[in-house]
Amino acid sequence: MTQTTVTSSTTATTTTPSGLRSLYLIRATFSLIWVALVATTSASLTSTDKPTVIAAVLLVIYPLWDVIATLLERRMAGTGSADHVGTTNMALGLAATAGMIIAVFSTIGTTLLVFGIWALLSGAIQLVVAIRRRRTVGAQWPMVISGGLSVLAGASFAAKSASATSSLSSIAGYSAFGAFWFFVSVIALSIRSRRAQS
């Protein structure tokens, strides 16, 4: 569910609503494809199982994609190294990717723990980004909700990672909700842009 990057207050360049809409559509589409792949290949795996090769690749790709999306948004905003929140989020995503590479050689429970910690922290960053972006872009309430849900979901994944009944289907659900809120954000930004032009 995560989103990234906020423009530094000392930088003149800002992320435009139209640019965010495009990026959010890309992120929502990626999430839906990812959910479909997880659901059709590995959602039945439970906590004590070892990830299959397909599941392992999907689990590693997810936080790495968040890093790539942050880089795209930084380029779009032109903030570069001035974007400290985005830099923090990318470092977190890379750490999660590295942690996931290690975790997938263990059990689903271990990968859920790593994923949960990442979802919790990245959700907190998303909240910061959305709150700070309300003044410059507006229509950020879907991302505030999404960030809050990410924090709660991450905590839940971490808490349930030792349970024998936890499975990858919970992560697929997390990503599906993320896609939903990205679509809602696209609609909210479009409505705000039309009102600003009228």
Side-chain angles (χ1 to χ4, degrees), residues 1-9 11 13-39 58-59 61-80 82-94 96-97 115 118-154 171-198:
M1 275 189 257
T2 59
Q3 66 143 355
T4 50
T5 325
V6 65
T7 303
S8 169
S9 59
T11 309
T13 309
T14 59
T15 305
T16 63
S18 61
L20 277 181
R21 285 199 303 270
S22 298
L23 183 61
Y24 287 173
L25 280 174
I26 292 171
R27 295 193 68 147
T29 302
F30 172 88
S31 293
L32 290 177
I33 292 171
W34 191 88
V35 167
L37 290 173
V38 170
L58 291 172
L59 289 165
I61 285 175
Y62 200 86
L64 183 60
W65 162 245
D66 193 62
V67 174
I68 294 170
T70 303
L71 283 171
L72 290 173
E73 191 169 343
R74 281 172 68 138
R75 175 170 291 187
M76 187 172 59
T79 55
D83 175 21
H84 302 301
V85 176
T87 299
T88 300
N89 192 71
M90 285 194 299
L92 176 62
L94 289 173
T97 301
F115 194 96
W118 171 71
L120 190 157
L121 296 176
S122 62
I125 291 175
Q126 180 178 346
L127 277 172
V128 172
V129 170
I131 290 170
R132 291 173 63 180
R133 212 178 239 161
R134 286 184 308 169
R135 300 185 192 94
T136 57
V137 179
Q140 290 298 295
W141 61 268
M143 290 294 97
V144 170
I145 295 173
S146 179
L149 291 175
S150 183
V151 170
L152 294 175
I171 292 181
Y174 165 88
S175 184
F177 271 111
F180 170 77
W181 286 112
F182 277 123
F183 278 127
V184 172
S185 292
V186 170
I187 295 170
L189 287 168
S190 297
I191 292 172
R192 188 179 190 277
S193 294
R194 287 174 185 171
R195 286 177 178 173
Q197 292 171 2
S198 60

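Below, each value reflects all heavy atoms present in this structure, side chains not excepted, and no hydrogens, waters or symmetry copies. Each residue takes its place number in the sequence, starting with 1.
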For the residue pair L189 and Q140, establish whether any side-chain heavy-atom pair is separated by less than 4.5 Å. yes

In chain order, what residues pass the side-chain contact (heavy atoms from CB on, under 4.5 Å) check against L152, with sequence neighbours excluded? none

For residues S185 and R21, is any side-chain donor paired with an opposing acceptor at under 3.5 Å? no

From CZ (F30) to CD1 (I61), nearest 0.5 Å: 6.5 Å

Restricting to side-chain contact (heavy atoms from CB on, under 4.5 Å), what partner residues turn up for L32, sequence neighbours left out? A179, F183

Tell me whether W34 contacts the main-chain N or O of L58 through its side chain, where contact means a donor paired with an acceptor under 3.5 Å. yes

Pairwise distance OG1(T97) to CG(D66) - rounded to 0.5 angstrom: 8.5 Å

When you measure from the side chain of T70 to the backbone of G86, do you find a donor-acceptor pair of N or O atoms at a distance under 3.5 Å? no

Are the side chains of Y174 and S150 in contact, using a 4.5 Å heavy-atom criterion? yes

In the structure I gave you, are the side-chain heavy atoms of V151 and L121 within less than 4.5 Å of one another anywhere? no

Heavy-atom closest pair (V38 atom, A172 atom, distance to 0.1 Å) is CG1-CB, 3.9 Å

side-chain contact (heavy atoms from CB on, under 4.5 Å) filter on A176, not counting sequence neighbours, yields V35

Separation between CZ of R27 and CG of L72, rounded to the nearest 0.5 Å: 9.0 Å

Closest non-hydrogen atom pair between A69 and L23, with its separation: O-CD2, 4.1 Å

If you measure from CG on L64 to CD1 on I68, what distance do you get to the nearest 0.5 Å? 4.5 Å

Any side-chain heavy-atom pair from L127 and V144 closer than 4.5 angstrom? yes

Sorted by chain and residue number, the side-chain contact (heavy atoms from CB on, under 4.5 Å) partners of I26 (sequence neighbours excluded) come out as W65

Atom CG in L71, atom CZ in R74: separation rounded to 0.5 Å? 7.0 Å

Do Y62 and S31 have side chains that approach each other closer than 4.5 Å (heavy atoms only, starting at C-beta)? yes

V129 side chain near M143 side chain, heavy-atom distance below 4.5 Å: no

For the residue pair W118 and L92, establish whether any side-chain heavy-atom pair is separated by less than 4.5 Å. yes

Measure the shortest side-chain to side-chain distance between W141 and W181 over non-hydrogen atoms and say whether it is less than 4.5 angstrom. yes

